[in-house]
Amino acid sequence: MWERRASERACARSTLTPTRRGSAFGTVLTLATATLGALGACRQTVVLDPSDRASGDATGTGGAGPVIDARNDSGGGGGAGSSHFDGGRVDGIGICFGGQIQFVPNMLRVPDIILSVDRSASMQSWFGSGSRLDVIHQQVRALISKYKRVRFGYEEFPAAVSMCSNGQGCCAGDVAQPITDNLKAIDRIISGCDNGGPGCDQPQRPVADALAKCNSTYAALFSAGDPGHRYVLLLTSGDPTCGTGPDSTSSSCDDAQTQVTKLSRANINTGVFGIGDGAVGSACLDQLATYGGIDTGSTPLYHLARTPTELSGALEAVVETIAEEACKIDLRSAPPDPNVVELRFDGMRVPQDGVDGWTFDQDGSLTLTVHGSYCHALIQNTQQVTLVTGCR
């Protein structure tokens with residue numbers, strides 16, 4: 001049980017002090033009137049900027065990350081500067097008796113990840129308890145369920161229904177846009193080959209086309225030059241095939257490198273995962289990892305996974321590192337007094353601590369970082385993030 005603040009105790013005392021009257025009815029009436037007045041004074045808050053980012057709402061359909069709604073759950077929204085009552089929530093009570101608290105408008109750096117998955121014939125090889133593709137599907141679902149502060153998109157290649165202009169099996173499928181709670185749309189793509197199809201047993205790996213479609217998806221969601229926090233994670237069982245470049249002398253690997261470079265120029269990093277023994281010693285995948293910006297730092301530069309355990313460990317580590325970008329919270333304006341600020345997750349106070357809590361960055365108090373177990377809670381479980389300031 002949370003200990004009540006001094007302001008709550010003061011409010012409670014102010015509402016429970018009776019006034020002597022000539023009758024019991026008068027006493028009750030006076031108590032009721034005093035209670036309503038005290039509650040109105042003690043539980044009113046001021047919202048500075050409760051509006052969500054126009055292009056980054058709860059669906060996560062655009063921008064660098066959503067502005068977490070500063071309003072409480074009582075439904076009393078209102079425009080900037082409007083007053084409303086907190087519906088009786090303890091976490092809505094002002095920091096000091098008789099004063100008002102202000103919500104500091106803020107924005108999380110919510111990352112976007114598109115998982116680009118090879119489903120060519122080689123992905124049907126046995127891999128632990130199932131095929132390589134089955135294992136990837138299981139791990140993708142687990143990651144989406146775990147990291148709530150990441151917007152996941154998804155595609156598979158080649159397309160299940162192959163109607164490619166440059167040869168059978170030489171184009172990627174559609175991309176599910178990166179949004180919050182996107183598992184249903186991703187499951188539709190995952191089950192696209194359950195009943196077979198012209199592209200479901202192809203040996204081709206149209207990596208260049210798959211990466212080009214990821215770039216087009218991001219371009220449709222974000223304006224040019226938007227720094228964002230966007231990624232593509234490529235999972236493939238071997239080197240690219242089916243080049244898409246107009247130059248007939250270019251190789252499939254060259255075309256894939258061209259697409260990774262285009263992604264990089266659009267501020268989108270690419271991580272490369274080689275699945276199974278067929279990916280061992282791939283110079284092409286090494287080059288893609290170098291251009292993509294998420295390499296291992298040693299040979300091979302791409303993430304080589306020859307077992308389900310290796311794949312799980314490598315994929316989890318990369319996704320968690322990306323997800324932790326959401327532990328940076330940007331303030332739209334500096335609080336009046338940085339020493340009187342309180343961060344709350346789902347109404348519960350987060351301690352100001354550099355190891356397990358939160359701290360202001362050294363940038364004029366316009367960015368704060370969440371550390372330790374609270375960072376993990378934020379990216380996995382926390383529903384509502386609020387930052388408030390007020391009197392001591």
Side-chain angles (χ1 to χ4, degrees), residues 114-125 127 131-133 136-137 140 153-176 186 189-190 192-193 196-220 231-266 268-292 300-305:
I114 296 178
L115 296 151
S116 181
V117 176
D118 175 7
R119 66 171 166 204
S120 65
S122 61
M123 291 295 284
Q124 303 306 319
S125 300
F127 198 59
S131 71
R132 294 171 180 172
L133 192 56
I136 289 174
H137 288 166
V140 164
Y154 189 84
E155 71 168 344
E156 290 188 351
F157 58 89
V161 179
S162 186
M163 299 177 63
C164 307
S165 60
N166 57 343
Q168 185 77 1
C170 282
C171 59
D174 294 332
V175 180
I186 291 173
I189 296 176
I190 285 175
C193 279
C200 294
D201 58 354
Q202 292 292 322
Q204 307 288 7
R205 287 187 289 270
V207 173
D209 190 59
L211 296 175
K213 287 187 175 179
C214 292
N215 201 356
S216 297
T217 299
Y218 277 130
Y231 301 87
V232 174
L233 300 184
L234 172 67
L235 292 84
T236 180
S237 58
D239 288 358
T241 63
C242 301
T244 61
D247 185 356
S248 60
T249 64
S250 66
S251 69
S252 299
C253 187
D254 290 337
D255 289 333
Q257 288 181 34
T258 297
Q259 296 303 324
V260 170
T261 301
K262 288 181 178 180
L263 287 165
S264 180
R265 289 173 178 169
I268 303 165
N269 289 330
T270 303
V272 181
F273 295 78
I275 314 299
D277 293 335
V280 175
S282 171
C284 179
L285 296 185
D286 251 355
Q287 292 170 359
L288 295 181
T290 301
Y291 282 84
L301 294 173
Y302 59 97
H303 301 270
L304 176 61

Task: Within 6.0 angstrom of Tyr291 OH, more than 12 heavy atoms from elsewhere - done: no
Residue set satisfying side chain to side chain contact (heavy atoms under 4.5 Å, CB included) with Thr290, at least two apart, ordered chain then number -> Leu301
Scanning both residues in full, the closest heavy-atom pair of Pro240 with Ser252 reads O-CB, 3.5 Å
Task: Non-hydrogen side-chain atoms of Pro206 and Pro158 separated by less than 4.5 Å - done: yes
Phe273 meets the ring-ring contact (aromatic ring centres under 6.0 Å, His included) criterion, sequence neighbours left out, with His303
Would you say the SG of Cys164 sits less than 2.5 Å from the SG of Cys171?
yes
Contacts satisfying side chain to side chain donor-acceptor pair (under 3.5 Å) that involve residues 269-285 (not counting sequence neighbours) are Asp239-Ser282
In short, Ser116 meets Val232 closest at the heavy-atom pair CB-CG1, 4.3 Å
Applying side chain to side chain contact (heavy atoms under 4.5 Å, CB included) to Cys200 and not counting sequence neighbours gives Ala160, Cys193
side-chain contact (heavy atoms from CB on, under 4.5 Å) with Val117: of Ile190, Leu133, Ile275, only one passes, and it is Leu133
For Ser237 and Arg132 the tightest heavy-atom approach is CB-NH1, 3.8 Å
When Gln204, Gln202, Arg205 are each screened for side-chain contact (heavy atoms from CB on, under 4.5 Å) with Cys170, the one that passes is Gln204
**Item:** side-chain contact (heavy atoms from CB on, under 4.5 Å) between Asn215 and Ile268, worked out
**Value:** CA-CA 8 Å; Asn215 201 356; Ile268 303 165; 4.1 Å; yes
Output for pair (Leu115 CG, Ile136 CD1), nearest 0.5 Å, gives 9.5 Å
Here the pair of heavy atoms bringing Leu211 nearest to Ala256 is CD1-O, 3.8 Å
Sorted by chain and number, sequence neighbours left out, side chain to side chain contact (heavy atoms under 4.5 Å, CB included) with Ser264 holds for none
For Tyr218 and Tyr231, the nearest pair of non-hydrogen atoms, with its separation, is OH-O, 2.8 Å
Minimal heavy-atom distance between Val272 and Tyr302, with the atoms involved, is O-CB, 3.5 Å
Between Ser131 and the options Arg119, Met123, Gln124, the side-chain contact (heavy atoms from CB on, under 4.5 Å) test singles out Gln124
Does atom CG of Asp174 have more than 12 heavy-atom neighbours, drawn from other residues, nucleotides or ligands, at distances under 6.0 Å?
no
With sequence neighbours left out, the residues meeting side chain to side chain contact (heavy atoms under 4.5 Å, CB included) with Thr258 are Lys262
*May I have the step-by-step check of side-chain contact (heavy atoms from CB on, under 4.5 Å) for Phe157 and Asp209, ending in yes or no?*
CA-CA 9 Å; Phe157 58 89; Asp209 190 59; over 6 Å; no
Is there a side-chain contact between Ile189 and Glu155 (heavy atoms, below 4.5 Å)?
-> no
Separation between CG (Asp201) and OG (Ser120), nearest 0.5 Å, reads 10.5 Å
Here the gap from Leu263 atom CG to Thr261 atom OG1, rounded to the nearest 0.5 Å, amounts to 8.5 Å
The test is side-chain contact (heavy atoms from CB on, under 4.5 Å); show your working for Ile114 and Lys213 and say whether it passes. CA-CA 10 Å; Ile114 296 178; Lys213 287 187 175 179; over 6 Å; no
